[in-house]
Amino acid sequence: FFLKTFFDELLVVDYDTDWIVSSFKPLSAVATLLVLIPMRHYGYPKVYRCLFCFNVITSLFMILLCSPSSSPTLVLLYLIVYPVVTSSVLSAGFCLGMADLVLQYKYEHRESNIAGMFLGVNALFCKPMESVLLTIAAMAMSHNKNNLYYVLVVPPFLFGILQLLSFAK
């Protein structure tokens, strides 16, 4: 979890940022509870599409209009809002999605365990990708702050576009 590094390297502040980073888990938990209602009302695809649009728009805004030196307040806001919103939607969607899968298979009396298969595929693809992105971030950190800033904002933009395309019907 590179958020602490982003805070320390991108934001030059006179105060300790540990309290901000430590507030992410409680903020995400509250946001997850708030996301459950629209997710049940509108469905997973619509909420996920909104999340992907949010990722693309906020990242594009940060790429085009901000930099760590010119607008540290916006970078701080992005560092707080982006992880909280993303993790809350993902956590609510994953929990509800898994619960729905289990109930569906329970009512259909199927033998195969789709939930286990889903978790296996998730681990197979998502965990290695997390390591690749961390390696890219580590290489960028060795150069300068602008590279690190783009490691923060470009992947959500690119992956947001890919996710929107994959969710398009």
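On a predicted model such as this, the values are computed, not experimentally measured, just so you know.
Between Tyr48 and Phe52, the two ring planes are tilted [angle within 30° to 60°].
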Verify side chain to side chain contact (heavy atoms under 4.5 Å, CB included) between Asn55 and Phe159, making sure each step is shown before the conclusion.
CA-CA 9 Å; Asn55 290 349; Phe159 289 117; over 6 Å; no
As a quick check of understanding, evaluate side chain to side chain contact (heavy atoms under 4.5 Å, CB included) for Tyr82 and Leu152, giving each step before the final call.
CA-CA 10 Å; Tyr82 174 76; Leu152 174 68; 5.8 Å; no
Can Phe61 and Leu64 be said to form a side chain to side chain contact (heavy atoms under 4.5 Å, CB included), step by step?
CA-CA 5 Å; Phe61 175 79; Leu64 296 177; over 6 Å; no
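How far CE of Met62 is from CG of Leu77: 8.0 Å, rounded to the nearest 0.5 Å. Taken to the nearest 0.5 Å, the OG atom of Ser28 stands 11.0 Å off from the CG atom of Leu33.
The shortest non-hydrogen separation linking Val89 to Met39 is O-CE, 3.7 Å. Contact record, Leu51 with Val85: CD1-CG1, 4.0 Å, taken as the closest heavy-atom pair. Considering all non-hydrogen atoms of both residues, Tyr149 and Ile63 come closest at OH-N, 4.3 Å. When all heavy atoms of Thr32 and Ser88 are compared, the closest pair comes out as OG1-CA, 3.2 Å. Contact detail for Tyr78 and Val153: the closest heavy-atom pair is CE2-CG1, 3.8 Å. Closest non-hydrogen pair, Leu36 versus Ala92, comes out as CD2-CB, 3.6 Å.
When the side chains of ILVMFWY residues are joined at heavy-atom separations under 4.5 Å, either directly or via intervening members, Ile37 and Leu34 end up in two distinct hydrophobic clusters. Linking ILVMFWY residues whenever their side-chain heavy atoms come closer than 4.5 Å, directly or via other members, leaves Val30 and Ile80 in distinct clusters.
Applying the ring pair (Phe, Tyr, Trp, His ring centres under 6.0 Å) criterion to Phe54, with sequence neighbours excluded, gives no partner residue.
Of the possible polar contacts, one joining the Ser166 side chain to the Gln163 backbone as a donor-acceptor pair under 3.5 Å is found.
Listed by first and then second residue, the side-chain hydrogen bond (donor to acceptor under 3.5 Å, both in side chains) pairs involving residues 33-43 are Arg40-Asp100 (not counting sequence neighbours).
Annotation for Ile57: hydrophobic cluster partners, listed by chain and number, are none (ILVMFWY side-chain heavy atoms under 4.5 Å, direct or chained).
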